[in-house]
Protein chains: 2
Amino acid sequence: MTADIIRSLKIDCSCCPIRHRAVCAKCDTDELDRLREIKSYRSCQAGQVITLRGERLDMVASIVSGTAMLSRSISDGRTQMIGLLLPSDFIGRPGRAEAPYDVTAVTDVTLCCFRRGAFEQLMQDMPHVQERLLEMSLDELDAARDWMLLLGRKTARERIASLLSLILQRANLPEDLGGKNARIELPITREAIANYLGLTIETVSRQLTALRRDGLISIEGARGVVISDMDALIAETGDDDTLTA
Amino acid sequence: MTADIIRSLKIDCSCCPIRHRAVCAKCDTDELDRLREIKSYRSCQAGQVITLRGERLDMVASIVSGTAMLSRSISDGRTQMIGLLLPSDFIGRPGRAEAPYDVTAVTDVTLCCFRRGAFEQLMQDMPHVQERLLEMSLDELDAARDWMLLLGRKTARERIASLLSLILQRANLPEDLGGKNARIELPITREAIANYLGLTIETVSRQLTALRRDGLISIEGARGVVISDMDALIAETGDDDTLTA
DNA sequence: CGCCGACTTGAGTCCCCTCAACAAGAGTGG
DNA sequence: CCACTCTTGTTGAGGGGACTCAAGTCGGCG
């Protein structure tokens with residue numbers, strides 16, 4: 001995100017790309033003005049650590065552009081990704097001074113930051129912010145719980161298939177949802193995929209080639225994946241297809 | 001929970017056992033009056049299904065007494081428990097007509113139910129309810145994400161150790177937290193434990209006997225567990241002990 | 001006593017992990 | 001341009017941890 005764009009956002013929230021999905025989605029113009037007074041922008045490079053678990057954190061923030069990942073890890077190096085943060089997603093927790101997870105920028109990231117104290121005060125006065133934050137939290141809770149099923153019970157092949165169809169669902173326009181040959185770009189490295197799915201990079205790699213051998217997908221370079229048989233892929237996710245529609 | 005107690009709760013929320021922890025925790029007496037108008041009580045027997053994923057759900061509810069479990073499953077029978085609901089925990093989601101998960105009573109359960117439409121209206125008018133629901137949702141989100149680390153990365157032995165120390169933390173008074181020979185009662189069957197930890201009942205059983213052979217715990221009957229070496233057990237959880245304190 | 005459900009224990013198998021070598025780019029510097 | 005390195009990803013061989021299938025134990029209850 002260029003410095004020019006950020007400069008104009010500082011003055012006016014109305015052209016913000018996440019205006020209608022972020023924590024401020026329900027705010028009217030008066031409320032936006034109050035938010036504007038306490039906001040500031042921050043850029044992070046790909047790979048940079050945004051917060052560390054246990055560290056003091058006096059900000060909360062929305063992701064304006066880029067992708068970040070939430071993770072937890074054990075001292076021996078095992079790491080589990082706990083969530084993927086896309087534009088409009090929220091970082092930090094009102095009412096808590098310590099960061100509960102590690103947050104790392106996957107791509108270059110632009111943040112819209114609020115001082116935590118001021119934001120908490122604002123939430124009291126502006127129910128629209130609290131409402132939206134509740135909605136967003138409940139959505140994340142659902143997503144986390146869906147992921148628990150994957151981590152606890154699915155096979156490696158099912159996990160890969162689930163990830164691919166998840167990315168397709170998010171990234172692709174509804175027009176060709178049923179169409180063949182939808183192409184997606186994996187937003188993250190193999191290592192990040194492995195950490196997301198609770199697998200190793202080798203297993204991820206092997207399962208991707210297995211799906212390719214079986215004719216469900218084809219692979220273009222390291223990151224590109226073409227879904228050649230969408231229905232078969234969904235069948236491989238292991239999900240009860242009566243509800244995923 | 002006896003019918004007598006429920007009868008008195010219908011009239012007066014102030015003696016409700018979850019008055020200070022449930023979604024109504026922050027309400028003043030006026031607000032409680034409004035809640036009282038739309039509430040009703042419901043009892044479920046142990047083992048009974050409270051909601052089914054995908055089913056229409058026109059209520060939301062707080063657990064007044066008993067234990068219930070949240071789970072998701074795949075058509076071939078694999079099941080993953082997604083959360084344990086204890087008194088004061090909340091069931092259902094404002095703004096959504098379909099139950100997102102299966103909820104099953106583990107013990108006999110008493111629910112304090114609200115019609116969903118009326119509850120949603122109330123939330124608009126009473127920020128205290130919304131505030132509390134947000135806090136509770138964020139706590140559950142943290143718990144779900146902690147569990148993702150366990151499901152994605154921990155060994156069977158670590159999972160069992162984690163569960164035991166979790167139960168001990170919740171159930172036990174802080175007085176003898178460091179003390180030896182704390183006794184806990186497993187609140188659920190081996191099958192439920194397995195579903196919670198993403199394991200099979202056989203593996204759960206084997207790991208429990210392994211911990212017994214190694215002198216960390218001893219087992220009394222099917223449900224009783226005595227922690228003989230608390231520090232060693234915590235060391236086995238795999239958690240980074242610098243933060244769990 | 002005999003049955004039933006919950007739990008334990010054993011034997012064998014398989015899936016995924018570990019360790020290791022190899023391939024394909026992308027920079028870097030001469 | 002090439003040699004070199006570093007990173008990222010693929011592939012193979014082997015081992016181990018958890019699962020599957022099956023039998024056995026224990027306690028409760030009619």
Side-chain angles (χ1 to χ4, degrees), chain A residues 45-47 69 73-74 76-80 104 106-107 150-164 185-214 217-225 236 238, chain B residues 45-47 69 73-74 76-80 104 106-107 150-164 185-214 217-225 236 238:
Chain A
Q45 292 183 347
M69 63 187 202
S73 45
I74 323 189
D76 64 6
R78 281 176 286 176
T79 298
Q80 177 63 49
T104 313
V106 176
T107 64
L150 178 145
L151 293 175
R153 293 301 183 195
K154 287 191 181 177
T155 66
R157 187 183 177 93
E158 288 170 340
R159 295 184 198 201
I160 296 286
S162 298
L163 180 67
L164 291 179
E185 198 77 18
L186 298 179
I188 47 180
T189 65
R190 293 285 187 279
E191 186 183 10
I193 293 176
N195 286 338
Y196 204 13
L197 298 178
L199 299 171
T200 58
I201 51 174
E202 295 95 329
T203 303
V204 170
S205 193
R206 271 187 260 273
Q207 293 299 332
L208 280 172
T209 61
L211 287 175
R212 179 166 52 77
R213 269 202 316 270
D214 296 346
I217 63 175
S218 49
I219 291 175
E220 297 180 348
R223 298 288 178 85
V225 175
E236 294 283 354
Chain B
Q45 292 182 349
M69 64 187 200
S73 45
I74 320 190
D76 64 6
R78 281 175 287 176
T79 299
Q80 177 63 48
T104 313
V106 176
T107 63
L150 178 145
L151 293 175
R153 293 300 184 196
K154 287 191 181 178
T155 65
R157 188 181 174 96
E158 289 170 339
R159 294 183 200 203
I160 297 286
S162 298
L163 179 67
L164 291 179
E185 199 76 18
L186 296 179
I188 47 181
T189 66
R190 291 285 186 278
E191 186 183 9
I193 293 176
N195 286 338
Y196 203 15
L197 298 177
L199 299 170
T200 58
I201 50 173
E202 295 94 331
T203 302
V204 171
S205 191
R206 270 187 260 271
Q207 293 300 333
L208 280 172
T209 60
L211 287 175
R212 179 167 51 77
R213 267 203 317 270
D214 296 347
I217 61 174
S218 50
I219 291 175
E220 296 180 348
R223 297 289 177 85
V225 175
E236 294 283 352

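The chains referred to below are lettered A, B, ... by the order of the sequence lines, with proteins before strands, and numbering in each begins at 1. The figures here come from the full heavy-atom set of this structure, side chains too, leaving out hydrogens, waters and symmetry mates.
Whole-Å rounding puts the A/R153 CZ to D/dA18 P distance at 13 Å. As a whole-Å value, the separation of A/I160 CD1 from C/dC16 P is 10 Å. In this structure, A/L186 places its CG atom 15 Å from P of D/dT8, rounding to the nearest Å. For A/L199 and C/dT18, the CG to C1' distance is 14 Å, given to the nearest whole Å. Nucleotide D/dG17 holds its P atom 12 Å from the CZ atom of A/R78, rounded to whole Å. Distance, B/Q207 CD to D/dA18 P: 6 Å, rounded to whole Å. Rounded to whole Å, atom P of C/dC16 lies 16 Å from atom CD1 of A/I193. If you measure from atom CG of B/D76 to atom C1' of D/dT20, you get 14 Å, rounded to the nearest angstrom.
When every heavy atom of B/E158 is checked against every heavy atom of B/G238, the shortest pair comes out as OE2-CA, 3.9 Å. Summarising the geometry of A/L150 relative to A/S162, their closest heavy-atom pair is CD1-CB, 3.6 Å, with the distance given to 0.1 Å. B/A194 and B/I201 make their closest contact through CB-N, 3.6 Å (heavy atoms, listed as atom of the first residue, atom of the second, distance). Considering every non-hydrogen atom in both B/R159 and B/G198, the closest pair reads NH1-O, 3.5 Å. Residue B/R223 comes nearest to B/I188 through the heavy atom pair NE-O, 3.7 Å, listed as atom of the first residue, atom of the second, then distance.
For D/dA18, the OP1/OP2 oxygens have no side-chain nitrogen or oxygen of B/T200 closer than 4.0 Å.
Under a 3.5 Å cut-off, the side chain of A/Q80 and the backbone N or O of A/S73 do not form any donor-acceptor pair.
Counting non-hydrogen atoms of neighbouring residues, nucleotides and ligands closer than 6.0 angstrom, the CD atom of B/Q45 reaches no more than 12 such neighbours. For B/E191, the CD atom sits in a loose shell: 12 or fewer heavy atoms of surrounding residues, nucleotides or ligands are nearer than 6.0 Å.
Proximity of A/T203 to A/L197: side-chain heavy atoms (C-beta onward) are nowhere separated by under 4.5 Å.
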What's touching nucleotides 5-8 of chain C from the protein side, N or O pairs under 3.5 Å?
from	atom 1	to	atom 2	distance (Å)
C/dC7	OP2	B/R190	N	3.2
C/dT8	OP1	B/R190	NH2	3.0
C/dT8	OP2	B/R190	NE	2.7
C/dT8	OP2	B/S205	OG	2.7
C/dT8	O5'	B/S205	OG	3.0

For nucleotides 24-30 of chain D, give me one character per nucleotide, 5' to 3': B if any protein heavy atom sits under 4.0 Å from the base, S if the only such contacts are to the sugar-phosphate, - if neither. -------

